[in-house]
Participant: 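Below is a structure I'd like to ask you about.
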Amino acid sequence: MRRSKSDFFTTGSHDPPSQEEKTAAGVSPQSPESLGEAAELRQKLEEKTKEAEENYARLLRLAADMENLKKRQERERAELLQFANEHLVKELLPVVDNLERAVEHGRQLQAPKALLEGIEMVHQGFIKALDRYGVTTHDSLGQQFDPAFHNAMMQEEAPDVPDGSVIKELQKGYLMHQRLLRPAMVVVARNTQNETTSGQNDSTVQEEK
């Protein structure tokens, strides 16, 4: 039985409206078609959400790659500035070598003091100028021979020092900003006493066998 609006207000009932009243008020129940459309929209929303997440992750990777590229370019630029004068410095090193030889020979021959002091001042000026560009000598005497920093010119018997150690420096080695600029030319010790001892040990082992 349908109730009029006056009956509803007079009775004060709060019962939910019936299906007929919903239909009369223009509210239709969800049809299978509307449910299918909602499911399709939900699926499309999930797909777009996943696509947006993938695009965001791709954007983060691209941003990280760009940052790494920027850092690498800055590092290469800094290295380029540090080693821009490398070829010029290499050309100057023989001049420094000759000045050192001149000072050494001048001391041996007891050259005039004023001349010797002048050569020493020029030599020290070169050393200070090279130091301002990060160029330093690589100490080799007493060190174990290292092919990364030394060029072995010859071997000499030296029973009082460890085998393979540098006993003479024919030409100094140089570093530029802690990177090898020129290897040192050295003479390497050959300890024949160790070789003899090693040979005796080997012969003793063979006799025991």
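In this chain, residues are counted from 1 in sequence order.
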Participant: Contact between Q178 and L175 at the side-chain level, heavy atoms closer than 4.5 Å - yes or no?
Facilitator: yes
Participant: For the atom pair OG (S140) and CE (M185), what is the distance rounded to the nearest 0.5 Å?
Facilitator: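 Here the rounded value is 12.0 Å.
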Participant: Does atom CD of Q110 have more than 12 heavy-atom neighbours from other groups under 6.0 Å away?
Facilitator: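 No, not enclosed.
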Participant: In plain terms, say whether E79 and R75 are close enough for a salt bridge, that is, a side-chain N and a carboxylate O under 4.0 Å apart.
Facilitator: no
Participant: Can you check side-chain contact (heavy atoms from CB on, under 4.5 Å) on E47 and K50, steps first, answer last?
Facilitator: CA-CA 5 Å; E47 292 176 354; K50 183 179 179 180; 5.8 Å; no
Participant: For the CG atom of D97 and the OH atom of Y174, what is their distance to the nearest 0.5 Å?
Facilitator: 6.0 Å
Participant: Got a sec, which residues hit salt bridge (Lys or Arg N to Asp or Glu O under 4.0 Å) with D146, two or more places apart in sequence or on another chain?
Facilitator: none
Participant: Would you kindly confirm whether L93 and I127 end up in one hydrophobic cluster when ILVMFWY residues are joined by side chain heavy atoms under 4.5 Å apart?
Facilitator: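 Yes, same cluster.
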Participant: For Y133, does the OH atom have more than 12 heavy-atom neighbours from other residues, nucleotides or ligands under 6.0 Å away?
Facilitator: no
Participant: Transitively linked via ILVMFWY side-chain contacts under 4.5 Å: V122 with L115?
Facilitator: yes
Participant: Are V161 and L170 in one and the same hydrophobic cluster, where Ile, Leu, Val, Met, Phe, Trp and Tyr link if side-chain heavy atoms are under 4.5 Å apart?
Facilitator: yes
Participant: A189 and P162: which non-hydrogen atoms are nearest, and at how many Å?
Facilitator: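 Looking at all heavy atoms of both residues, the closest pair is CB-O, 3.9 Å.
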Participant: Would you say that R179 contacts Q82 through its side chain, given a criterion of any heavy-atom pair below 4.5 Å between the two side chains?
Facilitator: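 No; the side chains remain at least 4.5 Å from each other.
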Participant: Are there more than 12 heavy atoms of other residues, nucleotides or ligands under 6.0 Å from atom CD of E91?
Facilitator: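 Result for CD/E91: open.
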Participant: So if you build clusters from Ile, Leu, Val, Met, Phe, Trp, Tyr with side-chain heavy-atom gaps below 4.5 Å, do F126 and V135 land together?
Facilitator: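 Yes, one cluster joins them.
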Participant: How far apart are the closest heavy atoms of T137 and K172, and which atoms are they?
Facilitator: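 Minimum heavy-atom separation between T137 and K172: CG2-CD, 4.3 Å.
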Participant: Quick check: do P183 and H150 have side-chain heavy atoms less than 4.5 Å from each other?
Facilitator: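 Not touching, per the 4.5 Å side-chain cut-off.
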Participant: Grab the two heavy atoms, one from E169 and one from L141, that are nearest each other, plus how far apart they are.
Facilitator: N-CD2, 3.8 Å
Participant: Between CG of L181 and NE2 of H87, what distance do you get to the nearest 0.5 Å?
Facilitator: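 The NE2 atom of H87 is 10.0 Å from CG of L181, to the nearest 0.5 Å.
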Participant: Quick check for you: to the nearest 0.5 Å, what is the distance between R107 atom CZ and I119 atom CD1?
Facilitator: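 Nearest 0.5 Å value for the CZ-CD1 distance: 10.5 Å.
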Participant: Tell me whether M153 shares a hydrophobic cluster with V166, the cluster being built from Ile, Leu, Val, Met, Phe, Trp, Tyr side chains joined at under 4.5 Å.
Facilitator: no
Participant: Measure the spacing between CZ of R182 and CG of L180 and express it to the nearest 0.5 Å.
Facilitator: 10.0 Å
Participant: Can you see which heavy atom on V188 is nearest to which on A152, and at what distance?
Facilitator: CG2-CB, 3.8 Å
Participant: Answer yes or no: is there an ion pair linking E46 with R42, defined by an N-O contact shorter than 4.0 Å?
Facilitator: no
Participant: Is there side-chain contact between D163 and R190, with at least one heavy-atom pair below 4.5 Å?
Facilitator: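 Yes, their side chains come closer than 4.5 Å.
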Participant: Is there side-chain contact between R77 and L80, with heavy atoms separated by less than 4.5 Å?
Facilitator: no
Participant: Verify side-chain contact (heavy atoms from CB on, under 4.5 Å) between L69 and R72, making sure each step is shown before the conclusion.
Facilitator: CA-CA 5 Å; L69 177 61; R72 184 168 63 253; 3.1 Å; yes
Participant: When rounded to the nearest 0.5 angstrom, what is the spacing between CG in L99 and CE in M121?
Facilitator: 13.0 Å
